[in-house]
Amino acid sequence: MLHFELVTPEKLVRSEEVYMVVVPGTEGDFGVLEGHAPFMSTVRDGGVQVYRTQDGTPEIIAIKGGFAEVNAKGLTVLAEHAGE
């Protein structure tokens with residue numbers, strides 16, 4: 001499973017183990033699974049799609065701007081604003 005964290009300047013919005021997350025990057029959407037290569041990107045306003053299981057329906061969390069980083073610990077999205 002992929003460790004996913006969604007953080008805003010105000011609070012930690014999410015910290016959980018998920019199957020996959022699709023992030024709205026400024027160069028296009030990108031999906032992150034467990035074991036993804038290290039990666040960093042700016043993100044555009046849009047929806048982060050959180051898949052808890054391989055065949056599940058994604059939960060969509062609206063975000064505004066920020067950065068995304070994938071490292072050995074998982075995926076962290078640092079958003080300027082996140083609404084659920």
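Basis for what follows: all heavy atoms, side chains included, without hydrogens, waters or symmetry-related copies.
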Minimum-distance pair of heavy atoms, taken over all atoms of Val43 and Ala68: CG1-CB, 3.9 Å
Whichever hydrophobic residues join Tyr19 through chains of side-chain contacts under 4.5 Å: Met20, Val22, Leu33, Tyr51
Backbone of Pro38 reached by a side-chain donor or acceptor of Asn71 within 3.5 Å: no
Results of salt bridge (charged side-chain N to carboxylate O under 4.0 Å, His left out) for Glu16 - residues two or more places apart only: Arg14, Arg52
Minimum-distance pair of heavy atoms, taken over all atoms of Gly28 and Arg44: C-NH1, 4.1 Å
Minimum-distance pair of heavy atoms, taken over all atoms of Gly25 and Ser41: CA-OG, 4.1 Å
Shortest non-hydrogen separation from Val70 to Ala37 and the atoms involved: CG1-O, 3.7 Å
Interatomic distance, Thr42 atom OG1 to Glu27 atom CD [nearest 0.5 angstrom]: 7.0 Å
Minimum side-chain heavy-atom gap Leu6-Ile63 below 4.5 Å: yes
Where Pro24 and Gly47 come nearest, the two heavy atoms and their spacing: CD-O, 3.7 Å
Side chain to side chain contact (heavy atoms under 4.5 Å, CB included) between Val48 and Val21, worked out: CA-CA 7 Å; Val48 173; Val21 179; 3.4 Å; yes
Donor on one side chain, acceptor on other, His36 and Glu34, under 3.5 Å: no
Crowding at CZ, Phe67 (>12 non-hydrogen neighbours, <6.0 Å): no
Residue pair Val32, Leu2: steps toward the side chain to side chain contact (heavy atoms under 4.5 Å, CB included) verdict: CA-CA 8 Å; Val32 180; Leu2 170 71; 3.9 Å; yes
Distance, nearest 0.5 Å, that separates NZ of Lys64 from OG1 of Thr8: 13.0 Å
Listing, residues 73-83 side-chain donor-acceptor contacts under 3.5 Å, not counting sequence neighbours, or none:
none

